[in-house]
Amino acid sequence: PFFHSRPPSPRAPSKAAVSYGAASSSPVLRPEPSGESAEEAYWDYQFLFASQRSESPNPILLRIAEGSVPADLPQGIYYLIGPGLLSDDQGSSINPLDGHGYLRAFDFSGGDSVWYSAKYVETEAHREERDGETGRWRFTHRGTFSVLRRGKRVGNLKVMKNVANTCVVSWGGRLLCLWEGGDPYEIDPKTLGTIGTVDLIGDPDPKAGDHRLRPGEWRDFRDFVINVAAQLLKPILRGVFKMPPKRLLSHYKIDGERKRLIVLACSTEDMLLPRSNFTFYEFDGDFELKQRKEFIVEDHLLIHDWGFTDSYYVLMGNRIKLDMPGSLVAASGMAPMVSALAPNTRHNSTPIYLLPRFSADQQRDWKVPIEAPAQLWSTHFSNSFEEQGSHGGLVVQFQAAVCSYQWINFPKMFGYDWRSSRLDPAYMNATQGKEAMLSHLVNVKIKLDVGGAYKECSVDEPSKHWRRSADFPVINPAFAGKKNSYVYAATCSGSRQFLPHFPFDTVVKLNCQDGSVSSWWAGNRRFIGEPTFVSRGGTEEDDGYILVAEYEVSKQMCYLVILDAKRIGKADAVKTKLEVPSFLRFPLGFHGFWANT
């Protein structure tokens with residue numbers, strides 16, 4: 001239904017109608033239907049992921065399109081990372097997940113003046129695929145989620161394409177861009193120039209990354225087979241495909257109480273074996289390693305995001321399996337390499353691992369997962385925490401964005417179609433009656449008894465007043481690992497007939513205590529990315545601002561919007577709208593970070 005030869009002419013956005021939901025005491029935006037055509041929706045989706053080849057290493061003063069910069073906004077820099085280039089000069093288009101990292105910086109250090117700069121992360125793949133003299137691009141790496149239309153397919157071993165495009169963090173005086181499966185790249189915060197890779201998880205132990213069980217530790221024939229397979233895979237994955245012994249995941253956590261940065265790594269061969277190795281690293285403010293803890297679980301899992309509490313690392317496992325037909329097609333070069341994996345739908349529950357962070361936790365066998373009573377694929381965590389329950393034991397809770405296993409199709413993420421060089425928005429927008437398959441928020445509660453043994457687990461909707469598709473949940477970072485009352489997320493208004501669920505166009509504020517919701521809608525033919533909370537420094541949890549990138553595809557413009565977190569749902573929620581010059585408009589970003597200066 002989404003196939004058209006040329007984009008429609010831009011037209012002015014329609015006005016919104018705001019009403020208040022009868023089921024909730026808080027304002028919920030209900031815009032009028034847009035009356036769009038399928039053609040218009042199709043090209044709006046393409047414009048959202050249009051490549052940006054220009055850079056701005058020298059900061060540019062942004063025009064204030066609306067309002068003024070709040071006087072009590074702390075001085076700092078908002079960083080946003082995501083793919084910048086999705087098509088080359090040879091006719092190949094790639095999945096946004098494989099797009100070269102494009103770092104954007106909004107500098108609020110000058111009072112009312114906000115300066116913008118943007119630059120590509122100069123990764124090894126970037127240097128190989130871009131001609132430094134002509135500026136032309138030629139994709140040579142397959143990547144994990146893409147197929148090269150004009151490049152080498154059969155025998156192309158360049159699968160692990162570290163594009164540093166997923167997360168960004170400023171810690172210990174260093175600015176890092178992270179990717180799902182390789183070393184982060186360090187960036188000069190003043191120039192956005194790339195310094196080089198950082199080996200955060202390097203281990204002087206010569207046996208580091210060797211996680212096989214020794215013969216005396218084998219429990220059965222299955223252990224023996226897995227260990228033999230692991231030894232056979234290592235020279236192939238590490239030697240032929242040049243994969244690191246451990247894959248550093250892109251999502252990190254910051255424990256504000258202990259002032260620690262926590263990262264998670266997995267063994268490379270875990271992708272292909274029914275056993276998962278997780279190693280957590282905790283760094284202090286000087287990047288000194290304070291703790292390293294390793295866990296091996298007997299399950300074939302794919303982890304993207306996770307959580308922590310005072311006592312536990314929290315994993316909501318996504319079960320996967322090898323797809324042999326998909327592996328053959330991927331090996332032929334006619335499908336992305338990720339086609340070799342598929343969700344394992346054999347179980348009707350979701351494994352949750354509470355891994356002891358400090359103590360040995362001998363009261364409960366952490367290797368045995370807590371099976372949540374629903375089959376859910378987790379994408380992002382907003383927060384996790386623990387508190388003393390009325391029954392005397394601990395209650396561990398976390399909020400996360402999840403979707404259905406039936407919706408997951410790795411080669412089609414974002415609607416990727418390498419043959420047409422387009423993205424099909426139909427994949428991200430389920431048909432009538434299947435909306436529950438898409439990403440949405442849940443609250444998970446686990447009760448442990450006094451001795452730490454598992455008692456019960458529940459999975460609930462965070463609010464009975466709001467059930468729309470949503471992702472990118474965030475909180476006030478000062479409450480990370482502690483009980484929080486508010487979650488902010490990117491969601492949809494449902495005003496687009498052909499884009500009812502994605503891309504997102506609304507920021508929702510959810511009260512976890514009473515279930516009330518309030519929201520801010522960007523407007524017709526405008527989309528948003530991940531919200532980021534910036535605290536004013538007060539004691540109230542929602543005393544701060546929400547920063548979110550807005551993409552006005554009807555005019556092919558980008559803005560940074562500042563919302564008063566307390567006023568979301570009110571007419572005066574928008575405090576500032578900063579306009580990025582049209583020649584520097586950028587595609588949808590993934591994750592951001594606010595660094596106080």
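The model shown is predicted, which means the values in this text are computed figures rather than measured ones. Count residues from 1 along the sequence.
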Any chance you could lay out the side-chain contact (heavy atoms from CB on, under 4.5 Å) test for V297 and W366, step after step, and finish with the verdict? CA-CA 9 Å; V297 299; W366 53 261; 4.1 Å; yes
Minimum heavy-atom distance [X]-[Y], with the two atoms named:
X: S170; Y: F593; answer: N-CE2, 3.5 Å
X: E371; Y: P351; answer: OE1-N, 3.6 Å
X: T379; Y: H304; answer: O-CD2, 3.1 Å
X: V163; Y: D98; answer: CG1-O, 3.6 Å
X: A372; Y: V459; answer: CB-CG2, 3.9 Å
X: S311; Y: E386; answer: OG-OE2, 2.8 Å

Is the side chain of [X] donor-acceptor paired with the backbone N or O of [Y] at a distance under 3.5 Å, no angle test?
X: E282; Y: K290; answer: no
X: N511; Y: S516; answer: no
X: N165; Y: G99; answer: yes
X: Q375; Y: T345; answer: yes
X: T194; Y: G196; answer: no
X: E461; Y: R467; answer: no
X: S384; Y: F308; answer: yes
X: N318; Y: S378; answer: yes
X: T350; Y: A374; answer: yes
X: S463; Y: G515; answer: yes

Reported [atom1]-to-[atom2] distance for the pair [X] and [Y], which is rounded to 0.5 angstrom:
X: I408; Y: M437; atom1: CD1; atom2: CE; value: 9.0 Å
X: M428; Y: M413; atom1: CE; atom2: CE; value: 6.0 Å
X: K246; Y: S267; atom1: NZ; atom2: OG; value: 6.0 Å
X: E540; Y: S485; atom1: CD; atom2: OG; value: 11.0 Å
X: I475; Y: C512; atom1: CD1; atom2: SG; value: 9.0 Å
X: N344; Y: I320; atom1: CG; atom2: CD1; value: 9.0 Å

What about the rings of [X] and [Y], do their centers lie closer together than 6.0 Å?
X: W306; Y: Y353; answer: no
X: W171; Y: Y79; answer: no
X: F381; Y: F398; answer: yes

F145: which residues meet the ring pair (Phe, Tyr, Trp, His ring centres under 6.0 Å) condition with it, sequence neighbours left out? none
With Y313, which residues qualify under ring pair (Phe, Tyr, Trp, His ring centres under 6.0 Å), at least two apart? F280
Could you tell me whether [X] and [Y] have a side-chain N and a carboxylate O separated by less than 4.0 Å?
X: R357; Y: D255; value: yes
X: K253; Y: D305; value: yes
X: R536; Y: D543; value: yes
X: D310; Y: R258; value: yes

Tell me whether the rings of F283 and Y281 are parallel (<30°), tilted (30 to 60°) or perpendicular (>60°). parallel
Could you check whether the rings of F414 and F590 sit parallel, tilted or perpendicular, using 30° and 60° as the cut-offs? parallel
Side-chain heavy-atom pair [X], [Y] within 4.5 angstrom cut-off:
X: T491; Y: V507; value: no
X: Y454; Y: L354; value: no
X: H391; Y: K455; value: yes
X: H251; Y: H591; value: yes
X: W179; Y: V121; value: no
X: K482; Y: E257; value: yes
X: T532; Y: V548; value: no
X: L441; Y: W466; value: yes

Pair C266-F278, side-chain contact (heavy atoms from CB on, under 4.5 Å): steps then yes or no: CA-CA 5 Å; C266 304; F278 302 109; 3.7 Å; yes
For the ring-ring contact (aromatic ring centres under 6.0 Å, His included) test, which of F479, F472, F533 pairs with Y488? F533
Assess whether ring pair (Phe, Tyr, Trp, His ring centres under 6.0 Å) is satisfied between W594 and Y78, documenting all intermediate values. CA-CA 5 Å; W594 173 268; Y78 171 61; 7.3 Å; no
Per the side chain to side chain donor-acceptor pair (under 3.5 Å) rule, which among R319, H347, K367 passes with D299? R319
Let me know which of D72, D564, T576 forms a side chain to side chain donor-acceptor pair (under 3.5 Å) with Y545. D72
Under the side-chain hydrogen bond (donor to acceptor under 3.5 Å, both in side chains) criterion, do Q75 and T597 qualify, and how do the steps go? CA-CA 6 Å; Q75 290 191 352; T597 56; 4.5 Å; no
Starting from the C-alpha separation in whole Å, work towards a yes-or-no answer on side-chain hydrogen bond (donor to acceptor under 3.5 Å, both in side chains) for N162 and T123. CA-CA 7 Å; N162 186 345; T123 63; over 6 Å; no
Can you sort out the partners of D542 under salt bridge (charged side-chain N to carboxylate O under 4.0 Å, His left out), two or more places apart, ordered by chain and number? K509, K566
Walk me through it: do Q397 and E387 pass the test side-chain contact (heavy atoms from CB on, under 4.5 Å)? CA-CA 8 Å; Q397 296 190 58; E387 58 184 347; 3.2 Å; yes
Derivation of the side-chain contact (heavy atoms from CB on, under 4.5 Å) call for D460 and K445: CA-CA 8 Å; D460 301 300; K445 182 183 293 186; 5.6 Å; no
